[in-house]
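Below: one structure, written as structure tokens.
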Number of protein chains: 2
Amino acid sequence: MSYVLSGKRTISAPTRERVERSIQQLGYHPNAGARALASSRSDIIALMMPLRTDMYVPVMMEIAMAVATTAREHGRDVLLLTDQEGPEAVRRVIGSGLADAMILMDVELEDARLPLVHESPRPSVLIGLPADTDGLTCVDLDFVATGRLCVDHLAELGHQELAVIGEAAAVYERHTGFAERTINGVRERVAELGLRMLHRPCEGSFESMAGALARIFDERPGTTGIIVQNESAVGPLLSLLRQQGRAVPEDISVVAVCPDQVATQTSVALTSVAIPAHEMGRRAVELVMAKLGAAGAGRARAAAPRETVVRLLSPRLTVRASTGHAPRLVR
Amino acid sequence: MSYVLSGKRTISAPTRERVERSIQQLGYHPNAGARALASSRSDIIALMMPLRTDMYVPVMMEIAMAVATTAREHGRDVLLLTDQEGPEAVRRVIGSGLADAMILMDVELEDARLPLVHESPRPSVLIGLPADTDGLTCVDLDFVATGRLCVDHLAELGHQELAVIGEAAAVYERHTGFAERTINGVRERVAELGLRMLHRPCEGSFESMAGALARIFDERPGTTGIIVQNESAVGPLLSLLRQQGRAVPEDISVVAVCPDQVATQTSVALTSVAIPAHEMGRRAVELVMAKLGAAGAGRARAAAPRETVVRLLSPRLTVRASTGHAPRLVR
DNA sequence: CTGAAAGCGCTAACAG
DNA sequence: CTGTTAGCGCTTTCAG
């Protein structure tokens, strides 16, 4: 029991002073490896990010940063993993004791990492919702509520015919869940309010957006409200609408689901539902810490109680310049 | 010398088989802490990222991903640090033996972390160039050459009056170096070729861009070539030019310094010099590995030879749809 | 309240 | 080529 003992034992003032002076003088740094070996905790949290850099990059980045800073506030470090290594990375990192816990980003509905998470002796937290959340701890934005919220806002302004411009088709095929959930929320609320809607996936490119818009106004010329959930489509959308002589918000109202930074940097500041990336990262770490604490509390470190925790963050809509009253029906 | 011994010793077939079978059966995982303690290497590389999420986010992300995947290919893991902890993070991580080496991103001209890097007993690699590179190992895009390259391209097309739309003023004030270096390259080449140029910083917003453009065409109505170095300004720039009735590339040619993804997602595909984020990350790891190897080679692990290595990546310009011959002087 | 001692699971050096 | 052994620097338990 050499030194300061991290306050686990009561220490008298003189001893503590003596020790702390020596620490200063010798430039002492406790050795991480030795500490990990003796205590069987590394004080490291692994964060597994998607390698794919084609979607929501700023959001991913912000989550990672929030995880890193929050972890440090709790005295933990973060190990950065990518999914290129495959699901086995979970076993490698946990099995070797390199990390005490894991945070998984970009969780898919049937995620290949889930079996490993279930058999892992260490706590994990998912950012995103898989199909079956049983026994898991998850954080995510409540995308169903997000969809409903967007519809509510447009409905209050008198819009009756809506269109959703979603993520690229590939995103839906990958079953990432969040895209579908938003659409479901929109559908529900549209049905409840007796409105009409159309849904078109869209890549980030101008061509793709041009196509999507053409099909929308072709099938439903009366469309006056658009909900976009696709960061990179926002710029093209606004440019094209302007090019087509459709004024925002006089002719068309636009609600985006995107980070605030994107919403405020466009030509017309966008009414939007923010993606609370920072809070998602922070919450994930806090849930991890809670689970780590709980594990230690159990006398003989009983197997974790296999609790299911799903923390859905409530969406918040910020009204900016891109939404307004529906134009009067001229006819 | 219990097991497979990672091939440091020659092992006979039968023994190896026996051992490997046991490993499989028992689901054995070498303990990271113990290994680190015994070998005094953690096989972890620390990566320190800027917390600031206002600039070049996709580039930062891509670098981080490249570092993570390349590190894994070399059997190393990556510890994610942010600069919120301050420069002391370097000492903490290296001093405790948590990491064997460091990669620092977003290096400023007079970076506060440099003194700690110099006194650190472990190798570091910087991504970016500080003012004084003596004794350091750095990787970066050759921004001076980038500036020259942009000018060359426009000059070949007959453009005589150029304008550079740069990063936000704050970036220059922070002395990150790369912004200045690009401008220097542009200035040099403009002078050599007897052209004229203007330089205006610019935030990412429409308003800021509108202001910058107004001042440019006000002072130099004959400007026909624009060089943009500011990801988030690209969208606004193109929109505003179109709005003002200036056709790209017929009236105005635009060369961007930005990731390829940005260059290809705009309304007019941009002629651009790519920021080789992936390669920067990969090279950084390779330099780290080389230094780690070199350190081990020295008999008594002699203090590193304090070598200076500055690896500047050559810029490559891709011609796309945004540049063309300068319009004939009508007069 | 504080000293002493026993490992944690590995690597590296030493004998065979 | 292979078995044995001595620590690596901490945390934790056991005596005082």
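The figures here come from the full heavy-atom set of this structure, side chains too, leaving out hydrogens, waters and symmetry mates.
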Exercise for the section: Would you tell me whether B:Asp100 and B:Ser42 have side-chain atoms, one donor and one acceptor, within less than 3.5 Å of each other? Expected result: yes
Problem - Salt bridge A:Lys291-A:Glu307, side-chain N to carboxylate O under 4.0 Å - result: no
Exercise for the section: Among C:dG7, C:dG9, D:dT12, find the nucleotide with the atom closest to the side chain of A:Ala38. Expected result: C:dG7
Exercise for the section: Take the protein atom CG of A:Asp43 and the nucleotide atom P of D:dG9, then report the distance between them rounded to whole Å. Expected result: 19 Å
Handout entry: Results of ring-ring contact (aromatic ring centres under 6.0 Å, His included) for B:Phe178 - residues two or more places apart only
Key = B:Tyr56, B:Phe143
Exercise for the section: Rounded off to whole Å, could you give me the CG-to-P distance for the B:Asn31 and D:dC8 pair? Expected result: 18 Å
Problem - B:Tyr28 side-chain proximity, nearest of C:dG9, C:dC10, D:dC10 - result: C:dC10
Fill in the blank from the handout: From the candidates D:dC10, C:dC8, C:dT11, the one with an atom nearest any side-chain atom of A:Leu37 is C:dC8
Handout entry: A:Arg35 CZ - C:dG9 P separation (whole Å)
Key = 18 Å
Exercise for the section: For A:Arg283 and A:Glu279, run salt bridge (Lys or Arg N to Asp or Glu O under 4.0 Å): C-alpha distance rounded to whole Å, both residues' side-chain angles, the deciding distance at 0.1 Å, then the answer. Expected result: CA-CA 6 Å; A:Arg283 294 296 266 266; A:Glu279 189 172 358; 2.7 Å; yes
Completion exercise
Rounded to whole Å, CG of A:Leu26 lies from P of D:dG9 at a distance of 14 Å
Handout entry: Atom-pair distance (CZ on A:Arg41; C1' on D:dC10), nearest Å
Key = 13 Å
Handout entry: Between P of D:dC10 and CG of B:Leu98, the distance in whole Å
Key = 13 Å
